[in-house]
Amino acid sequence: MKNSELAHIFSQIAKILKIKGENPFKIRAYENIVSVLNGLPTDIETVYRKGELNHIPGVGKAIAKKIEEYLTTNKLEYYERLNESVPFGVVGLLDILEIGPKTAGLLYEKLGVDSIEKLEKAVNEHRIKDLPGMGEKSEENILRGIKAYKKRHERILLGNALPVASNVIEHLDGMKEVQKISIAGSLRRRAETIGDIDILVASNHPDVIMKEFTSLPQVDEILSEGLTKSSVIIKDNIQIDLRIVDFSSFGAALQYFTGSQNHNIRIRGLAQKHGLKINEYGVYDTESEEKIAGEQEVEIYKILNLPYIPPELREDRGEIESGLKNTLPSILELSDLKGDLHLHTNWSDGKNSILEMAIEAREIGYQYIAITDHSQSLGIAAGLTVEKLYEQVKEIKQLNSEIKDITILHGIEVDIKSDGSLDFPDEILSELDIVIAAIHSGLKQEREQLTQRIISAMQNRYVHIIAHTTGRIIGYREPYQIDINRVIKIAAETGTALEINSCPERLDLNDVYCRTAKEKGVQMAIGTDAHNTNGLKSINYGVSVARRGWLEKEDIINTLSLNELLQRLKNKKKFSKL
DNA sequence: GCCGTTTTCGGCCCGACTGTTTTCAGTCG
């Protein structure tokens with residue numbers, strides 16, 4: 001999809017315009033379109049071909065023309081011209097904390113700095129402190145910014161950030177001075193990766209709490225320490241910001257610090273039309289300056305005639321329009337899930353036995369689980385041969401007769417081989433309760449070939465689910481080159497479910513594709529791909545993706561009761577959306 | 001550059017903090 005290519009170009013344009021000191025609202029228009037494109041559930045080329053570019057909010061004449069130019073010629077003259085006036089390297093300076101567009105422009109203009117290397121040299125030669133508006137401190141800060149940039153981690157995975165944040169919250173929540181506490185920021189919105197962790201507290205004794213926070217044993221470095229805000233770095237270079245507000249402002253502050261920024265811009269714009277002003281302390285009548293709300297987050301939305309918008313939806317991807325029309329989806333809850341459909345055991349590359357996995361699942365409260373070990377071609381994962389698979393049938397039958405309150409479904413994660421055939425013949429697949437198909441080899445094939453492999457797997461009547469469809473590993477491996485729109489279309493036609501893989505490093509399909517899939521009539525299956533009992537607990541990350549993708553209970557096949565699910569699996573074609 | 005229940009022109013979210021300054025610009029979220 002060209003969506004992300006265009007988003008990148010518009011984002012670069014916005015940065016260059018900032019450096020050039022252009023009209024801030026023009027810049028915002030470009031920043032806005034970046035976020036719109038990143039969240040667009042359809043292919044921009046499809047929208048263009050239908051002549052519907054101007055239906056996209058934030059796309060006016062000028063941007064529509066630029067999108068058209070890029071889609072038809074694969075380049076954008078305006079962008080190329082801008083690049084001649086401000087080199088790439090100068091734009092790259094913005095990646096350093098402490099350096100914004102004005103400073104980047106100044107450094108380039110006065111000192112010819114157009115790369116981070118040249119910047120470092122200028123700092124070391126103390127050539128920066130004499131520039132207008134700069135001083136000793138600025139130079140020190142830039143140096144610190146460069147150091148942080150060099151050792152900067154990639155963004156933190158949701159699955160790594162959440163436990164760290166929960167741990168700190170648990171610690172602080174035990175203090176009697178803490179009246180209320182919550183995660184905020186992108187972590188509360190359950191974004192797939194997090195820049196830093198934001199925590200919000202309501203208290204009358206900020207001094208006591210700040211002291212406790214900055215002296216936590218896991219703290220490596222204190223970046224700043226004040227009465228309302230402190231920032232620390234803990235192990236693995238993770239930054240945590242703690243903010244403390246008065247109890248009466250907690251709701252407004254939570255709404256504000258949860259973001260996203262684009263969501264908040266829209267919310268405050270809406271407030272203006274109602275003659276109101278919203279800041280992190282509350283909602284105020286613009287004329288009388290009287291405070292009319294702030295303690296509860298839900299009040300903010302209510303005052304604007306909006307239903308409560310769950311944090312996962314706050315990306316300015318249509319949630320405000322939908323809320324005003326009262327058509328927001330009632331998104332999936334963790335408690336809606338009746339089972340986990342993707343589990344490995346020590347029969348292949350898992351660590352625990354089938355029984356141990358079943359007991360853990362029963363503890364969680366599931367009605368059923370699917371045991372889906374690897375198939376024979378996947379030697380590296382000790383894939384099951386046909387003989388082993390038949391032995392496994394016996395064990396599962398035996399266990400089902402012994403264990404109470406949970407049903408073990410017998411399945412397989414069958415390999416889609418590089419020629420597109422499946423690793424087991426239909427006669428074998430037809431005997432299993434559930435079949436997941438997935439690509440594990442030939443990852444670098446041509447787009448057409450890879451797409452065709454997945455499509456032919458979906459056309460097999462015994463394949464119920466495609467696992468980790470795009471194959472991405474966040475921060476390590478890009479998605480396979482596949483035509484995801486075609487895959488989604490055929491999934492709808494064949495009644496094949498697409499997986500939301502809950503592994504924090506996969507989260508595949510992602511939120512945006514989930515939304516496309518839902519709109520095309522595809523149902524999804526949430527699975528943890530757990531390789532040990534602990535892995536079963538990752539299911540909440542898959543649920544977060546589903547929620548961010550606007551999915552509801554009926555969009556997920558493992559919200560079905562056991563009997564309903566078995567019906568659904570027996571004849572998948574019946575569930576196709578032709 | 002986008003947008004419209006007074007508007008096709010004139011608006012466009014809001015505040016904290018920092019450092020370099022004598023009243024404010026730049027950056028961040």
Side-chain angles (χ1 to χ4, degrees), chain A residues 10 13-15 17-19 21-36 53-67 78 93-107 128-142 144-145 184-189 194-200 223-231 239 241-245 249 252-274 276-284 286 300 304 314 316 320-321 324:
Chain A
F10 286 133
I13 289 175
K15 287 180 183 170
L17 294 179
K18 273 188 195 168
I19 294 172
E22 267 278 4
N23 174 359
F25 298 107
K26 181 174 174 177
I27 293 164
R28 185 191 291 170
Y30 279 108
E31 286 177 334
N32 180 52
I33 196 63
V34 172
S35 139
V36 168
L53 283 181
N54 59 346
H55 294 194
I56 301 174
V59 176
K61 274 188 185 166
I63 288 182
K65 216 169 155 211
K66 292 187 174 71
I67 294 175
Y78 176 66
L93 297 180
L94 299 182
D95 290 339
I96 289 175
L97 217 62
E98 306 288 341
I99 295 190
K102 297 288 181 243
T103 312
L106 182 75
L107 290 168
I128 288 174
K129 65 174 169 35
D130 298 328
L131 294 174
M134 294 292 183
E136 300 269 351
K137 280 277 190 183
S138 321
E139 214 167 62
E140 279 173 33
N141 284 337
I142 290 175
R144 195 162 60 164
S186 53
L187 187 53
R188 181 158 182 253
R189 302 198 311 276
I194 310 295
D196 51 31
I197 294 173
D198 292 306
I199 297 175
L200 181 70
L223 293 179
S224 70
E225 188 175 8
L227 273 186
T228 61
K229 179 187 169 182
S230 293
S231 297
Q239 180 173 335
D241 294 348
L242 177 66
R243 296 158 199 267
I244 303 182
V245 296
S249 293
L254 185 59
Q255 196 283 327
Y256 169 61
F257 289 123
T258 297
S260 65
Q261 194 168 342
N262 283 328
H263 176 86
N264 283 352
I265 289 174
R266 296 291 313 280
I267 288 292
R268 289 170 184 210
L270 205 57
Q272 281 187 329
K273 289 183 188 162
H274 289 253
L276 301 169
K277 190 181 77 168
I278 299 179
N279 59 29
E280 58 260 55
Y281 301 110
V283 182
Y284 300 83
T286 314
I300 317 270
L304 301 176
R314 299 184 197 168
D316 191 21
I320 293 169
E321 292 78 359
L324 288 171

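This one's a predicted model, so the numbers in the text were calculated from it and none came from an experiment. Just the heavy atoms: all of them, side chains too, but no hydrogens, waters or symmetry mates, feed the values below. Convention: sequence-line order gives letters A, B, ...; per-chain numbering from 1.
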Q) Ion pair present between A:Glu321 and A:Arg266, side-chain N to carboxylate O less than 4.0 angstrom? A) yes
Q.
For a quick test of reading the model, state the closest non-hydrogen atom pair linking A:Met134 to A:Leu106 and the distance between them.
A. CE-CD2, 4.1 Å
Q: Starting from P on B:dC14, measure out to CG on A:Asn262 and report it in whole angstrom.
A: 15 Å
Q) B:dG15 and B:dG10: how far apart are their P atoms, nearest whole angstrom? A) 26 Å
**Q.** A:Arg188 and A:Thr258: side chain donor to acceptor below 3.5 Å
**A.** yes
(Q) Say we look at B:dC14 and B:dT20: how far apart would their C1' atoms be, to the nearest angstrom? (A) 23 Å
Q: Can you tell me the distance, in whole Å, between the CG atom of A:Leu242 and the P atom of B:dG29?
A: 16 Å
Q: Using whole Å, report how far CD of A:Glu139 lies from C1' of B:dT20.
A: 14 Å
Q. A:Tyr78 vs A:Tyr30 aromatic rings, parallel, tilted or perpendicular, using cut-offs 30° and 60°?
A. parallel
**Q.** Between B:dT5 and B:dG1 - C1' atom distance, rounded Å
**A.** 24 Å
Q) Between A:Glu140 (CD) and B:dT20 (C1'), how many Å, whole number? A) 14 Å
Q.
Nearest heavy atom decides the nucleotide; on that basis, is A:Arg266 or A:Gly133 closer to the 5' end of DNA chain B?
A. A:Arg266
**Q.** side chain to side chain donor-acceptor pair (under 3.5 Å) partners for A:Asn32, two or more places apart
**A.** none
Q) When the distance from CG of A:Leu131 to C1' of B:dG19 is rounded to whole Å, what number comes out? A) 15 Å
Q) What string of B, S and - do you get for nucleotides 1-12 of chain B 5' to 3' if you count protein non-hydrogen atoms under 4.0 Å? A) BSS--------B
Q. Using a cut-off of 4.0 Å on non-hydrogen atoms, how would the nucleic acid contact of A:Glu136 be classed: base, sugar-phosphate, or nothing?
A. sugar-phosphate
Q. Heavy-atom count around A:Lys137 NZ within 6.0 Å, excluding the residue itself: above 12?
A. no
Q: Go through the structure and list residues passing side-chain contact (heavy atoms from CB on, under 4.5 Å) with A:Asn23, not counting sequence neighbours.
A: A:Phe25, A:Lys26
Q.
Applying side chain to side chain donor-acceptor pair (under 3.5 Å), can you list everything that pairs with A:Glu31, at least two apart in sequence or on another chain?
A. A:Lys18
Got a list of protein N/O to nucleotides 15-18 of chain B N/O distances below 3.5 Å?
from: B:dG15; atom 1: OP1; to: A:Lys277; atom 2: NZ; distance (Å): 3.0
from: B:dG15; atom 1: OP1; to: A:Asn279; atom 2: ND2; distance (Å): 3.3
from: B:dA16; atom 1: OP1; to: A:Tyr281; atom 2: OH; distance (Å): 3.4
from: B:dC17; atom 1: OP1; to: A:Thr228; atom 2: OG1; distance (Å): 2.8

Q) Quick one: do the A:Gln255 and A:Asn264 side chains pair a donor with an acceptor below 3.5 Å? A) yes
Q | Sole residue of A:Asn54, A:Ile33, A:Leu53 in side-chain contact (heavy atoms from CB on, under 4.5 Å) with A:Ile63 | A | A:Ile33
(Q) Work out how far the C1' atom of B:dT7 is from that of B:dC12, and round it to whole angstrom. (A) 14 Å
So which protein nitrogen or oxygen atoms get under 3.5 Å of nucleotides 23-26 of chain B's nitrogens or oxygens?
from: B:dG26; atom 1: O3'; to: A:Thr103; atom 2: OG1; distance (Å): 3.4

Q) Which whole-number value in Å describes the distance from A:Asp316 CG to B:dG29 P? A) 20 Å
Q: Kindly determine whether A:Arg144 and A:Glu139 satisfy salt bridge (charged side-chain N to carboxylate O under 4.0 Å, His left out), including the steps that lead there.
A: CA-CA 9 Å; A:Arg144 195 162 60 164; A:Glu139 214 167 62; over 6 Å; no
Q) Expressed as a whole number of Å, how far does the P atom of B:dA16 sit from that of B:dG11? A) 25 Å
Q: Nearest whole angstrom, please: distance from the C1' of B:dT27 to the CD1 of A:Ile96.
A: 14 Å
Q: In whole angstrom, give me the gap between the P atoms of B:dC13 and B:dC17.
A: 22 Å
Q. Base, sugar-phosphate alone, or nothing: which one does A:Ile33 contact when heavy atoms must sit under 4.0 Å apart?
A. nothing
Q) Has the side chain of A:Ser260 got a donor or acceptor atom that lies under 3.5 Å from a matching backbone atom of A:His263? A) yes
Q | Between B:dT27 (C1') and A:Arg144 (CZ): distance, integer Å | A | 14 Å
Q: Might you point out which heavy atoms bring A:Ser231 and A:Asp241 nearest each other, and give the distance in Å?
A: OG-OD1, 2.8 Å
Q. Which base, if any, makes a Watson-Crick or G-U wobble pair with B:dT27, both distances under 3.5 Å?
A. B:dA16
